[in-house]
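Structure record follows, encoded as structure tokens.
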2 protein chains.
Amino acid sequence: MSTKPSEPALHLEQFLPYRLNVVGFFASRALGRIYGAHFGIDIPQWRVVAQLGEFGKLTSRDIGELAQMHKTKVSRAVRELESRGLVSRAENRQDRREAFIALTPAGTRVYAQIVPLALAFQARWTEGIAAEELKVFERVLATLTERGRHLAGGYREEEA
Amino acid sequence: MSTKPSEPALHLEQFLPYRLNVVGFFASRALGRIYGAHFGIDIPQWRVVAQLGEFGKLTSRDIGELAQMHKTKVSRAVRELESRGLVSRAENRQDRREAFIALTPAGTRVYAQIVPLALAFQARWTEGIAAEELKVFERVLATLTERGRHLAGGYREEEA
DNA sequence: CGCTATTAGTTTCAAACGCAACTAATTGGC
DNA sequence: GCCAATTAGTTGCGTTTGAAACTAATAGCG
């Protein structure tokens, strides 16, 4: 009775896709609480605000691309932010299909308040991890992300 | 006019919670395709099957804890798996509130088919990354996960 | 014992999600 | 210049989600 040389086992808690989802979930949940409690904003809305705060005016398409969000999610987040007076919409005269979204003064103030909270959260989260290790971590993370993008295919399906 | 010493900027694409969500999303999407296309199973169902494959019979509560799933998600995944004949349910005579869930022979076969696919996916995903770096990556990931669990609070709220 | 608190699991319900279809505008070939 | 193809963005719709309420059973405490 020979034993099979390698029937490799799977342990979910060590399985990378699972682990990455779990850690991402924890991060979202913690951040969502901060944004929600202080500003009544959810994660999709935060992503929009963050991109606008960083890049100034953008079209919805750009936001979706930069923030990895489905276009319907962008559309809804922008609508809600606009209704709260945090972003404004200005039709592009050169191409009236699209519109430039930008933070209003009120939106800019919210952004300015959230940024330090977000950075503090990240700082607290990574506190005490050796800078060197963190660097390796981020490099590997970048590799996995880039490859993952490939393996998953974007929102837009590739040719069949 | 003195410049403020440090008004640190936030760049979403370098913001860890965001990056972890994105990479987790890619992984889920890619895996979901594999499970879905080959076995008609989604990610929550896969998590249940994976835990049962690893640990044998478990209660729904155990599954939720092990796989970090909300109890309603477990409930629905188990119901669907049961209806497809992939898991069975056996009331615990010692405590009739709970039931032991286990893979049926058909479920075991599916599990045995998925495991190599999952492992191959992970192997392909991490291919070419130095073992040393991967080790660092996983260690930091474990730290972040553990801290994230704290920062996020579990499903069950802590005392107010 | 008897009654309240707790726990396992399900169901209900409203919100969020994303695909597909749609509208409106622009582009590109011919 | 006109018509088909493409693109930006929204809306309709069925599915998934999780919080809260609920059911059924057990545990704990008097």
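Since we're looking at a predicted model, the values are computed, not measured. Chain letters run A, B, ... following the sequence lines, proteins first, then strands; residues in each count from 1.
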What is the distance, to the nearest angstrom, from the CZ atom on A:Arg61 to the P atom on D:dA8? 5 Å

Which sits closer to the 5' end of DNA chain C, A:Pro44 or A:Asp95, going by the nucleotide each is nearest to? A:Pro44

Under-4.0 Å side-chain N/O to phosphate OP1/OP2 contact, A:Thr72 with C:dG18: no

Distance, rounded to the nearest Å, where A:Lys71 contributes NZ and D:dT11 contributes C1': 11 Å

Does B:Arg76 make a side-chain donor-acceptor contact with the base of D:dG18, cut-off 3.5 Å? yes

Distance col, row A:Gln68:CD vs B:Glu13:CD, nearest 0.5 angstrom, shows 10.5 Å

Rounded to the Å, how far apart are B:Arg29 CZ and C:dG18 P? 9 Å

Measure CZ/A:Phe25 against C1'/D:dT16 and give the value in whole Å, please. 14 Å

Can you work out whether A:Arg97 or A:Arg79 has the more 5'-proximal nearest nucleotide on DNA chain D? A:Arg97

Heavy-atom nearest nucleotide on DNA chain C for A:Asp42 versus B:Phe100: which residue maps closer to 5'? B:Phe100

Would the number of heavy atoms belonging to other residues, nucleotides or ligands and lying under 6.0 Å from CD of B:Glu65 be above 12? no

No-hydrogen, no-angle side-chain donor-acceptor test under 3.5 Å, A:His38 and A:Gln113: no

It should be established whether A:Arg96 places a side-chain nitrogen or oxygen under 4.0 Å from OP1 or OP2 of nucleotide C:dA24. no

A:Ile41 atom CD1 is separated from C:dA16 atom P, nearest whole Å, by 14 Å

When the distance from CZ of A:Arg89 to C1' of D:dG9 is rounded to whole Å, what number comes out? 9 Å

To the nearest Å, how far apart are A:Asn21 CG and D:dT17 P? 12 Å

From NE2 of B:His70 over to C1' of C:dA15, roughly how many Å is that when rounded to an integer? 14 Å

Inspect the contact between B:Arg19 and A:Glu138 and indicate whether a charged nitrogen and a carboxylate oxygen are less than 4.0 angstrom apart. yes

Can you classify the ring geometry of B:Tyr35 versus B:Trp46 as parallel (below 30°), tilted (30 to 60°) or perpendicular (above 60°)? tilted

